[in-house]
Protein chains: 2
Amino acid sequence: MKRKDDRKVGQIFQAALKLVVSKGLSGITMGDISKAAGIATGTLYVYFKSKDELINALFAACRENSVAHSFKGYDPAQPYKVGFKHVWLNILRYRLHNFEEAVFMEQCYHSPFITPETREKASRLAAPYNELLERGKKEQLLKPVDTGLLITFLVGSMNELVKQTHYHGTTLTRTRINTTFDMCWDALKS
Amino acid sequence: MKRKDDRKVGQIFQAALKLVVSKGLSGITMGDISKAAGIATGTLYVYFKSKDELINALFAACRENSVAHSFKGYDPAQPYKVGFKHVWLNILRYRLHNFEEAVFMEQCYHSPFITPETREKASRLAAPYNELLERGKKEQLLKPVDTGLLITFLVGSMNELVKQTHYHGTTLTRTRINTTFDMCWDALKS
DNA sequence: AAGATAAGTGAATAAATATTCATTTTTAAT
DNA sequence: ATTAAAAATGAATATTTATTCACTTATCTT
């Protein structure tokens, strides 16, 4: 009895992500994906019931990955700003190294593919970010504005920074990274 | 001899925008658009040679509209921060009132629809924004970092703010607007 | 008012794409 | 080694969607 090949799901995901960057979410077909993944079209249906399901699964996987990486090595015992910067850097690095995921996620935001359940699941994963910012407000280091707004600035500026870096091929020197962090911190700090 | 109805292009654009918000760029069909615009599918082809051309035209129109509104009433004679806030408010208001356009533009970013020419044309329209930020640096009010980075923060935070406001149905009180502006200004100011 | 010209129509066609399925290949278990 | 069960295949099918076109309707010009 042959078993499903776990690496294959990874190949499929990688192929799909690569294609979304070059052709957009609207431009990818099951044929494209299978070809890029080096498998037959029919095989896609061994792993996913439909295109919708494939995309929802990829969306969920990206989201989980991203959140998991954000808090790697975060130590709440350290001073707030140190921990905050640690997470900020984690996010930045993750997005730069996984640019395709960021693009894919953005495209999914307004697509009919993602089901309400998938969205719901994704938004529950936001809790750690909320806590991080709440703590900053409690310690009176961050502006006493609602957490949503703080996150807005955090992710908004990060998103654009990543895009800018990626497309203009800017090299992110340590100095530039620090400058950027300072801008973000200045926006949030009280 | 019957003439083309100029309002019809507007109807088509409005219909397409509405659909992109609800179904994503990947989800819209020519049939959907024509139905939403209240015309026959064939009529779309009187005004646009193809779906691609329709989308490129819409993209260009949105971009022009948006830029045109940004600098309405901007008076370079006023103190820098006053003018800057004026433009910032213009952008915010425009995006909130034309949320669909913002969504559409974002979706287009990584789509195969938009041709290099259309992109090129759009990016040329960025000049006024660049000038605005250059001036701020010249007057030593803004951080002496590269203009691209300043714009990154400006538009990044704005984008997310607009999304957050729209989706969470937050009412933007004058206070909240000012808080948000302050965050942005704090990020940019030297 | 008549004629001419182009817009408007929507069913028909063409093209693209998702999905299925009969068949082959692989591999785990015996 | 044989068998059985499931994966893998890709051509065939079903579905969706862009585009065309023969025809109708509107309106500008004279």
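In what follows, every chain begins at residue 1, and chains take the letters A, B, ... in the order their sequences are listed. Source: prediction; values computed, not measured.
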Donor-acceptor pairs are to be reported for all side-chain atoms of residues 99-106 of chain A against protein atoms at under 3.5 Å, with residues two or more places apart or in another chain.
| from | atom 1 | to | atom 2 | distance (Å) |
| --- | --- | --- | --- | --- |
| E101(A) | OE1 | Y94(A) | OH | 2.6 |
| E101(A) | OE2 | Y94(A) | OH | 3.2 |
| E106(A) | OE1 | K163(A) | NZ | 3.3 |

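- Listed in residue order, the members of residues 12-30 of chain B having a heavy atom less than 4.0 Å from DNA chain D are I28(B), T29(B), M30(B).
- A donor-acceptor contact under 3.5 angstrom links the side chains of T29(B) and D32(B), judged on distance only.
- There is no side-chain donor-acceptor pair under 3.5 Å between K85(A) and N90(A).
- If you look at H110(A) and Y167(B), their ring centroids are closer than 6.0 Å.
- When the shell of 6.0 Å around NZ of K121(A) is examined, it contains 12 or fewer heavy atoms from other residues, nucleotides or ligands.
- Proximity of Y47(B) to D5(B): side-chain heavy atoms (C-beta onward) are separated by under 4.5 Å at one or more points.
- On the nucleic acid side, DNA chain D has its first and last nucleotide under 4.0 Å of a heavy atom of chain B at dT17(D) to dT29(D), going 5' to 3'.
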Next on the checklist: Using a 4.0 Å heavy-atom cut-off to protein, can you give one letter per nucleotide of nucleotides 3-13 of chain C, 5' to 3': B if the base is in contact, S if only the sugar-phosphate is, - if neither?
Outcome noted: -BBBSSBB---
Enumerate donor-acceptor pairs with a distance under 3.5 Å from any side-chain N or O in residues 12-20 of chain A to protein atoms, sequence neighbours excluded.
none

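- With hydrogens and angles left out, the side-chain atoms of S190(A) and Q140(A) include no donor and acceptor closer than 3.5 Å.
- A side-chain donor from one of T118(A) and N56(A) sits under 3.5 Å from a side-chain acceptor of the other.
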Would you be so kind as to tabulate the donor-acceptor pairs closer than 3.5 Å made by side chains of residues 70-79 of chain A, with sequence neighbours excluded?
| from | atom 1 | to | atom 2 | distance (Å) |
| --- | --- | --- | --- | --- |
| S70(A) | OG | S66(A) | O | 2.9 |
| S70(A) | OG | Y129(A) | OH | 2.7 |
| Y74(A) | OH | R135(A) | NH1 | 3.0 |
| D75(A) | OD1 | A77(A) | N | 2.9 |

